[in-house]
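Side-chain atoms are counted along with the backbone in the values below, which use heavy atoms only and exclude waters and symmetry mates.
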Amino acid sequence: MHLVTCLRILCTTPRRTASLQVQYTCSRCQHFQAETVSETNAGSGSLRKTSRNCGASSLPMLPPVRYVASWKSNGEKVETLQDVARLILDGQCRKIVVMAGAGISTPSGIPDFRSVGSGLYDSLRPLGLPYPEAVFDIQYFAHDPKPFFAVARRLCPGSCRPNYTHYFARLLHDKGLLLRLYTQNIDGLERRAGIPPERLVEAHGTFATATCTACRQHYGWDQLRDDVLQGRVPLCHHCAGVVKPDIVFFGEQLPLNFYRHLIDFPLADLLIILGTSLEVQPFASLSELVRRSVPRLLINQDAVGSLCRDPTRSSDVAELGDVVRGVKRFADLLGWSGEVSQLLSREHHKLENVGEPPSH
């Protein structure tokens, strides 16, 4: 039986009707596509589709409707942030999966990509690119790698430090509650916060390693740090080819590690989604892989995806607004705020002792 077929069986709760079904197909662990299938009346409207990374379709945007929670644990409904905190404190959530996006890194000084005025794409106009996303297009990189390396120093490890949200995730690991953290970020701040590689899936790659585009010689971050921080194109010591960090460009396949741990989602008893627009596929569709009985907590600037909009998922909880403020409120409800602050202070002190730049 195919891996994805197994996931669908594990994730699906038997129902007479469902407004949305998400089907996943995977071929040779190379392609991952989400197809949305409407089971509602044909007159309900067309589905909005986007195409990013692997060409997968996005989930339809459902109208914002407030549903009464029906998921129960020991007779308790899950409707608020406090309810989610109580589940963790009562020991009912011990396999927590976290999905993180650019919104958790912006407080550290890493620019996001699409914000008007302050986003990375808006700052690329002087580079003369045919379109902003070309800076991360593998075909354009092969034609001219200079624009990418002109901006890479703003995104690479060492330029910023982890913030409160990263250390909250680290504390989940320290308490034995973190099953896995899936991140869209390429800045390496999750690693620097102390989350071990086996608990981390860097869905869009990492600056920690690099590969020569010509002879495929492998390099570590330390070997190209100086070039990247100076905005220079790093060249291979063996063949003088361009050395590209192992981050995923548009037109490239996601790393194998992304597919290796997909079983995490049907095993999870809580999904926490932090600082992401849930627009880039196939990452965005991971939020639909948890069982329908499992609470999904969104801490984000805005409502995204199907969170709190899907009537078949009545245990969704959203804490909207500033991400760090939302995470701090969650930590307060858990009684962990002091532990997170102490962890942040201790780890930042270690970075200062090794001469790291100050935190933003």
Side-chain angles (χ1 to χ4, degrees), residues 30-34 48-58 100-103 105-106 109-160 183-189 202-216 219 221 224-225 227-236 239-255 258 275-285 304:
Q30 293 295 317
H31 299 283
F32 187 84
Q33 185 178 40
R48 181 176 66 89
K49 295 187 177 182
T50 61
S51 178
R52 296 187 185 277
N53 279 358
C54 296
S57 302
S58 71
S105 291
T106 51
I110 301 287
D112 68 5
F113 294 93
R114 296 178 180 85
S115 292
V116 177
S118 61
L120 180 68
Y121 289 153
D122 264 10
S123 69
L124 300 180
R125 294 175 183 173
L127 297 179
L129 296 168
Y131 51 95
E133 291 86 352
V135 73
F136 294 114
D137 186 287
I138 191 61
Q139 292 185 352
Y140 191 86
F141 180 88
H143 167 70
D144 183 8
K146 292 180 182 178
F148 168 75
F149 287 106
V151 300
R153 56 185 167 184
R154 300 172 59 188
L155 304 171
C156 65
S159 60
C160 297
T183 180
Q184 294 175 281
N185 300 324
I186 59 176
D187 49 49
L189 292 180
E202 293 161 312
H204 296 164
T206 176
F207 272 97
T209 57
T211 306
C212 174
T213 56
C215 72
R216 313 308 296 173
Y219 290 86
W221 165 244
L224 64 152
R225 179 200 305 267
D227 283 334
V228 174
L229 294 181
Q230 295 299 320
R232 298 190 300 261
V233 177
L235 300 178
C236 179
C239 72
V242 175
V243 178
K244 173 187 167 294
D246 291 335
I247 63 173
V248 179
F249 279 51
F250 293 117
E252 290 188 301
Q253 300 300 329
L254 298 188
F258 176 82
T276 174
S277 63
L278 288 184
E279 289 184 355
V280 178
Q281 297 289 2
F283 184 90
S285 297
V304 294

Any side-chain hydrogen bond (donor to acceptor under 3.5 Å, both in side chains) pairs touching residues 140-149, not counting sequence neighbours? none

Between Ala152 and Val228, what is the shortest heavy-atom contact and its length? CB-CG1, 4.0 Å

Which atom names give the shortest non-hydrogen contact between Cys239 and Cys236, and what distance separates them? N-SG, 3.6 Å

What is the ring orientation for Phe207 with Phe148, classed by angle as parallel under 30°, tilted 30 to 60°, or perpendicular over 60°? parallel

Contact summary for Gln184 and Gly101, nearest pair of heavy atoms: OE1-CA, 3.6 Å

Please evaluate residues Thr206 and Asp246 with respect to the criterion side chain to side chain donor-acceptor pair (under 3.5 Å), reporting the C-alpha separation (whole Å), side-chain torsions for both, the decisive distance (0.1 Å), and the verdict. CA-CA 5 Å; Thr206 176; Asp246 291 335; over 6 Å; no

Could you walk me through whether Phe149 and Val135 satisfy the side-chain contact (heavy atoms from CB on, under 4.5 Å) test, starting with their C-alpha distance in whole Å, then the side-chain angles of each, then the deciding distance to 0.1 Å, before giving a yes or no? CA-CA 9 Å; Phe149 287 106; Val135 73; over 6 Å; no

Any chance you could measure Asp227, atom CG, to Leu235, atom CG, to the nearest 0.5 Å? 7.5 Å

Could you work out, with side chain to side chain donor-acceptor pair (under 3.5 Å) as the rule, every residue matching Ser105, not counting sequence neighbours? Asn185, Asp187

Within this structure, what is the CD-CD distance for the pair Gln139 and Glu252, rounded to the nearest 0.5 Å? 10.5 Å

Starting at NZ of Lys244, measure out to CZ of Phe141 and round the result to the nearest 0.5 Å. 6.5 Å

Hey, could you give me the CD1/CD distance between Ile138 and Gln253, rounded to the nearest 0.5 Å? 11.5 Å

Smallest separation among heavy atoms of Gly205 and Val248, with atom names: N-CG2, 3.9 Å

To the nearest 0.5 Å, how far apart are CZ in Phe250 and CZ in Phe136? 8.0 Å

Might you point out which heavy atoms bring His204 and Ile186 nearest each other, and give the distance in Å? O-CG2, 3.4 Å

Pairwise distance CG(Leu254) to CZ(Phe283) - rounded to 0.5 angstrom: 10.5 Å

Contact between Pro282 and Phe258 at the side-chain level, heavy atoms closer than 4.5 Å - yes or no? yes

May I have the step-by-step check of side-chain contact (heavy atoms from CB on, under 4.5 Å) for Thr213 and Val243, ending in yes or no? CA-CA 6 Å; Thr213 56; Val243 178; over 6 Å; no

Between Thr211 (side chain only) and Arg216 (backbone N and O only), is there a donor and an acceptor less than 3.5 Å apart? no

Would you mind reporting whether Asp137 and Tyr131 have side-chain heavy atoms less than 4.5 Å apart? yes

